[in-house]
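The block underneath contains the structure these notes are about, expressed in structure tokens.
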There are 2 protein chains.
Amino acid sequence: MPTARERVRAELTSEITDAARRQLAEVGAAALSLRAVAREVGMVSSAVYRYFPSRDDLLTRLIIDGYDALGAAAEAADDPAAPPRRRWLAVCRAVRGWALAHPHEYALLYGSPVPGYSAPRDTVPAAARVAVVLGRILGDAARAGDLPAGTGERDPALVSDEALAVLGGDHPAIDEDVRVRALLAWSALYGTISFELFGHFTGSVEDGDRYFDRAMTDLAGLIGLRAR
Amino acid sequence: MPTARERVRAELTSEITDAARRQLAEVGAAALSLRAVAREVGMVSSAVYRYFPSRDDLLTRLIIDGYDALGAAAEAADDPAAPPRRRWLAVCRAVRGWALAHPHEYALLYGSPVPGYSAPRDTVPAAARVAVVLGRILGDAARAGDLPAGTGERDPALVSDEALAVLGGDHPAIDEDVRVRALLAWSALYGTISFELFGHFTGSVEDGDRYFDRAMTDLAGLIGLRAR
DNA sequence: TCGCAGACGAGAGCACCGCTCTCGCCATCC
DNA sequence: GGATGGCGAGAGCGGTGCTCTCGTCTGCGA
């Protein structure tokens, strides 16, 4: 059982991350100031360094939390009983909805990397949650016969085994071609959301909701997900 | 004709932007410091404010220059005599090549927006150059009969007239459906490049060059560009 | 041709930043 | 009960963007 000291330490740590998350949502990652976070929790700035060795470590904590929140939103939106094309669309909508609700957090996750280009390894499992959801949809669709049959051919140096395993599990009926197109659709999903959020669609896309649905439906077709 | 004072002013202005571009390439936009730029050109920091009213204005200048350089690369890679699918692939490769050669500049253009969310209006024409190239390929393909025939139906509130005009010109044979899918392919191109550059493909895509070619070919198929 | 407005560079200064170090305080463990 | 070590506060360092003032010198109009 944790001692009193450990308990208050954990409590203060989460109090700091909460304040940091609030500031991130307000001013964005670039303007997030460790000193301002310290002020908000009633500490002097140097005291925060007892809990986070640097501002970048605090940001890393926020990144992991962000991936987890986004992954949870995607998982909650997936109804395994629904037809695969509808599941794909629902998850895409959930990802976009989360991004629109948390633009600065999304930018922290999928915009320019903030700390000197080194994405910490700890973020990987949390970041994979959305991909795992999409992969499960693919696998279920293959089991139900809602994916085009493949030739079973494999290009061993193109995509890693782990990624292929995530994108549809070990179901042998899914062609590598389909899995690679799923990878493309996955990044296209984020390309679409990023363009909308970062303003590259201003002046061209007028109805964001309907354009997004159409684009994601086209992507479902590209993967080969049958409408059923 | 310009006076001596105007000449030296223009010269110093470009000297500042050159130094800023060098620093951008080295440390990235987030760490770009106006004072360091001033040091590099042998000025005191306050003197730079005679030329750029703020650090963000200096960044805006770099953004416009970046869009222009990227647009020029795309235009140079387009051979109007080649078959449309090959043209599409060549332009995509040129965009990716420029991004890999100038990662920080690309991040400045297509990553998280740096100044408080307000993309200056001046950047729009420069930013559109790549889209114009892709649109010209679409228009030429339609003229040559390399695009599927459309029904001519139109959804007036979905995408702006200007964007539709860019994506294939006034050629009536291009369906709105095709133009919307071209918009999707355009953002998917940037989604793919961003994922590669920002590290979201580490652990999954192993051969970046070949994956990119395959993805862009799939996108050409999505648009409907015939191989010929 | 002369004089003055205005452009210009330098310097000091303000408020803020990330981060380090030292110094008392107090809970915890031997 | 005393030593240890975690903790918060404070001062301080070098850096940042930006503002203001003050001499200087250029170039245009009278």
Side-chain angles (χ1 to χ4, degrees), chain A residues 1-24 26-63 104 108 113-118 120, chain B residues 1-17 19-20 22-24 26-63 104 108 113-118 120:
Chain A
M1 77 176 191
T3 77
R5 202 169 224 167
E6 286 170 345
R7 260 203 8 249
V8 69
R9 178 175 178 87
E11 199 169 320
L12 269 182
T13 304
S14 78
E15 207 170 310
I16 291 174
T17 56
D18 285 350
R21 199 172 1 258
R22 275 193 298 272
Q23 215 196 343
L24 170 63
E26 271 183 35
V27 300
L32 187 146
S33 142
L34 190 143
R35 289 174 109 112
V37 171
R39 275 193 298 271
E40 190 171 331
V41 298
M43 271 184 183
V44 86
S45 74
S46 62
V48 178
Y49 285 84
R50 299 277 184 203
Y51 300 87
F52 292 94
S54 80
R55 177 183 173 273
D56 283 356
D57 289 86
L58 181 55
L59 274 181
T60 300
R61 177 76 259 160
L62 294 182
I63 289 177
H104 284 123
L108 178 63
V114 178
Y117 259 130
S118 62
Chain B
M1 76 178 194
T3 77
R5 201 169 224 167
E6 286 171 344
R7 261 200 9 247
V8 69
R9 179 176 179 85
E11 199 169 318
L12 270 181
T13 304
S14 78
E15 207 169 310
I16 291 173
T17 56
R22 275 193 299 271
Q23 215 196 345
L24 171 63
E26 270 182 36
V27 299
L32 186 145
S33 143
L34 190 142
R35 289 176 107 111
V37 171
R39 275 194 297 271
E40 190 170 331
V41 298
M43 270 182 182
V44 86
S45 74
S46 62
V48 178
Y49 285 85
R50 300 278 183 200
Y51 299 86
F52 292 93
S54 81
R55 177 182 173 274
D56 283 357
D57 289 86
L58 181 55
L59 275 181
T60 300
R61 177 76 259 161
L62 294 183
I63 289 176
H104 284 123
L108 178 62
V114 178
Y117 260 130
S118 63

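Note that this is a predicted model, so its numbers are computed, not measured. Only this structure's heavy atoms are used, side chains among them; waters, hydrogens and symmetry mates stay out. Chain naming here is simple, since letters A, B, ... match the order of the sequence lines and numbering starts at 1 in each.
Between B:R39 atom CZ and D:dG14 atom C1' there is a gap of 11 Å when expressed in whole angstrom units. Rounded to whole Å, the distance from CG on B:L32 to P on D:dT16 is 11 Å. Atom CD in B:Q23 sits roughly 14 Å away from atom C1' in D:dG17 (whole-Å rounding). Whole-Å rounding puts the A:Y49 OH to D:dA11 C1' distance at 15 Å. B:L34 has its CG atom 11 Å from the P atom of D:dT19, to the nearest Å. Residue A:M43 contributes atom CE, which lies 7 Å from atom P of D:dA9 at whole-angstrom precision. D:dG15 atom C1' lies 14 Å from atom CZ of A:R55, rounded to whole Å.
Across all strands, B:S46 comes closer than 4.0 Å to base atoms (heavy-atom distances). Across all strands, B:S54 comes closer than 4.0 Å only to sugar-phosphate atoms, never to a base (heavy-atom distances). When heavy atoms are screened at a 4.0 angstrom cut-off, A:F52 is found touching no nucleic acid atom at all.
Closest to the side chain of A:L12, from the set D:dG17, D:dG8, D:dC7, is D:dG8. For A:R5, counting side-chain heavy atoms from C-beta on, the closest listed nucleotide (D:dC22, D:dG5, D:dC25) is D:dG5.
Taking 3.5 Å as the limit, the base of D:dG8 and the side chain of A:R50 contain a donor-acceptor pair of atoms between them. You won't find any donor-acceptor pair under 3.5 Å spanning the side chain of A:R9 and the base of D:dG6, going by distance alone.
Side-chain atoms of A:T13 and A:I16, non-hydrogen and from C-beta on, never get closer than 4.5 Å to each other. Looking at heavy atoms from C-beta onward, A:R9 lies out of side-chain contact with A:L12 at the 4.5 angstrom threshold. Residues B:F52 and B:T17 form a side-chain contact, since some pair of their non-hydrogen atoms from C-beta on lies under 4.5 Å apart.
A close approach under 4.0 Å does occur between a side-chain nitrogen or oxygen of B:S33 and OP1 or OP2 of D:dG17.
In plain terms, the two heavy atoms of A:Y49 and A:S45 that are nearest each other are CD1-O, 3.4 Å. Of all heavy-atom pairs spanning A:S33 and A:Q23, the tightest one is O-OE1, 3.2 Å.
With 3.5 Å as the limit, one finds a donor-acceptor pair spanning the side chains of A:D57 and A:S54.
Along DNA chain C, the stretch of nucleotides lying under 4.0 Å from any heavy atom of chain B spans, 5' to 3', C:dG6 to C:dG13.
Panel note: side chain B:E40, backbone B:V37; no donor-acceptor pair is recorded below 3.5 Å.
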